[in-house]
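Everything below concerns the one structure shown next.
We name chains A, B, ... by the order of the sequence lines, and we start the count at 1 in each one.
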Protein chains: 2
Amino acid sequence: MHIAREDAIVSAVNRLLAEKGFEAMTVDEVAAEVGIAKASLYKHFPSKEDLAAAAMVRVMNRAVAFLDSLDTTQPPLERLKRVVRWTIEVKLDGEMPSLPSESSSLRQTLTTNKAYVDGLMNVSDRLGGWITEAQETGGINAALPPLVVLYTLYARACDPVLGFLKSAGLYTNEQIIEMVLSTCFEGLNTR
Amino acid sequence: MHIAREDAIVSAVNRLLAEKGFEAMTVDEVAAEVGIAKASLYKHFPSKEDLAAAAMVRVMNRAVAFLDSLDTTQPPLERLKRVVRWTIEVKLDGEMPSLPSESSSLRQTLTTNKAYVDGLMNVSDRLGGWITEAQETGGINAALPPLVVLYTLYARACDPVLGFLKSAGLYTNEQIIEMVLSTCFEGLNTR
DNA sequence: GTCTATACTAGGATAGAC
DNA sequence: GTCTATCCTAGTATAGAC
C-alpha cells in the first residue's frame with residue numbers, strides 16, 4: 001500500500017528529526033529505519049528538505065486535529081492549557097520534530113509549503129482568539145501582548161527542560177508535565 | 001599575537017554557533033570570517049569539535065565572571081533575575097552558542113572537557129544555592145524542585161521566543177527582556 | 001604559524017536493471 | 001516502486017613549501 005509506506009517514512013523522519021534535528025539526520029538513517037533502499041525514498045520525496053517538510057506538515061495537521069477535538073464549552077484558558085499539555089506529551093514521546101535553525105535550508109522549503117503555512121496560520125489564529133478571550137476574562141495577564149503569549153506557548157514544543165528532566169530520571173512524565181505547566185502559567189515566583 | 005588570534009577565532013566560532021548551530025556551521029565559514037586559511041585553523045585547534053568546545057568554554061567562563069561580579073548584598077531572587085537578564089542579553093546580541101542536540105558529536109567532546117564541566121558545575125552549584133535560599137525566604141515557589149527551577153533558568157539561553165520577538169521587529173530589546181523575564185518569573189496567568 | 005594544494009569521506013542524489 | 005551501484009559535491013582534515 002502506497003500510502004501506508006509513505007506514512008512509515010514520515011514516521012521515521014519525524015522520530016529522527018525529534019532526536020537529532022534536520023542537519024544531523026541523514027537520508028541513509030531514514031532509509032535504514034524504514035527498511036528500504038535510499039533510492040526508493042527518492043521515489044516518494046524529491047529531497048531531504050521535502051522529507052522533513054512532510055513530517056512538519058503531519059505534526060501540524062495533528063495539532064489542528066487536536067484543536068478540533070477540544071470541548072468548546074470549556075473556558076479559553078483551560079483549552080490553552082490542554083494544548084500546551086498535548087504539545088509537551090508529544091515532545092516527551094519523542095515525536096516533536098525540532099524547528100530548524102533560522103539559517104537552515106529547511107526554512108525556505110517550509111515557508112513555501114502551503115499545507116504547513118496554512119496549518120500554522122489556522123493554529124495561530126485560533127490560539128490567538130483564545131488568548132485574547134482569556135485576557136478579557138482575567139485568566140491571562142492582559143499586560144502581555146497576545147503575540148508574546150502565543151510564542152511562549154509555542155516554545156513549549158522545543159523546551160529543553162523536558163529533555164533534561166526526562167534524562168534525569170527523577171520524575172514520571174506526568175510529574176514533569178505538571179511542573180512545566182506550572183512554571184509556564186504560574187511562573188517561578190511564589191503566588 | 002597568538003592569543004589575540006585565537007580569541008578572534010573563538011569569537012567567529014561563537015557567532016556562527018549562535019547563528020546556525022554546530023552541524024550547520026562549516027570550518028570554511030569560520031576561516032573566511034576570521035580571514036585566514038582553513039589549514040591555519042587546524043594549527044590552533046585539532047578539530048571542529050574542539051573549535052566549538054572552545055567557544056562553549058568561553059561563554060561558560062563569561063558566565064562565571066558575571067556571577068562573580070554580582071553584588072552579594074542583593075537578595076538571591078534579585079541575583080537570579082540578573083543572571084537571567086544577562087543570559088537573555090547575550091542571546092539577543094547573537095553571542096549565545098546553541099546547545100548541540102543530544103546525539104551530536106560535540107556532546108562527547110564537551111562532557112570530557114574539564115574547563116567546561118568545571119564551569120558548569122561552578123555555575124550550577126552557585127545558582128542552586130541561591131534558588132534554595134530564595135525558596136526559603138518565600139521569593140521562589142518552594143513546591144518546585146530546585147533542579148526544575150535551575151533548568152528553567154538555563155533554558156532562557158536557548159529560548160526561541162527571543163528570536164521570534166526580535167525578528168517580529170515590534171519591540172525594543174529592553175521591552176523583550178522585560179516581557180520574557182515577566183513570563184519566566186510571574187508566568188502567563190494574571191496575578 | 002601561514003599559505004596553497006590535495007587527500008579522504010560522508011552524504012545527498014541519480015542511473016538503470018528488474 | 002524496489003533494488004544495487006554509482007555519481008558528485010561539500011566539508012573535514014592533512015601535506016608540505018615558505
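Under the rule for a ring-ring contact (aromatic ring centres under 6.0 Å, His included), the partners of B:F66 that lie at least two apart in sequence or sit in another chain are B:W86. Under the ring-ring contact (aromatic ring centres under 6.0 Å, His included) criterion, A:F164 pairs with B:Y151, not counting sequence neighbours.
Pairs of residues two or more places apart, or lying in two chains, that qualify as salt bridge (charged side-chain N to carboxylate O under 4.0 Å, His left out) and include a residue from residues 141-164 of chain B are B:R156-B:D159. Among residue pairs with one or both ends in residues 127-137 of chain A, none qualify as side chain to side chain donor-acceptor pair (under 3.5 Å); sequence neighbours excluded. Counting only residues at least two apart or in different chains, ring-ring contact (aromatic ring centres under 6.0 Å, His included) contacts with residues 4-36 of chain A are absent. The salt bridge (charged side-chain N to carboxylate O under 4.0 Å, His left out) contacts involving residues 105-129 of chain A comprise A:D68-A:R126, A:K114-A:D118, where partners must be two or more places apart or lie in separate chains. Sorted by first then second residue, the salt bridge (charged side-chain N to carboxylate O under 4.0 Å, His left out) pairs that include residues 37-51 of chain A, not counting sequence neighbours, are A:D28-A:K38.
A residue-by-residue look at A:K43 and B:G35 shows that B:G35 has its nearest nucleotide of DNA chain C further toward the 5' end.
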Output one letter per nucleotide in nucleotides 7-14 of chain D: B when a protein non-hydrogen atom lies under 4.0 Å from the base, S when only the sugar-phosphate is that close, - when neither is. ----SBBB

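On the nucleic acid side, DNA chain C contacts chain B at distances under 4.0 Å to non-hydrogen atoms, with the end points of that region at C:dG1 to C:dT4.
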With side-chain hydrogen bond (donor to acceptor under 3.5 Å, both in side chains) as the criterion, how do A:R58 and A:S11 come out once you've worked through the C-alpha distance, each side chain's angles and the decisive distance to 0.1 Å? CA-CA 9 Å; A:R58 195 178 70 168; A:S11 291; 3.1 Å; yes

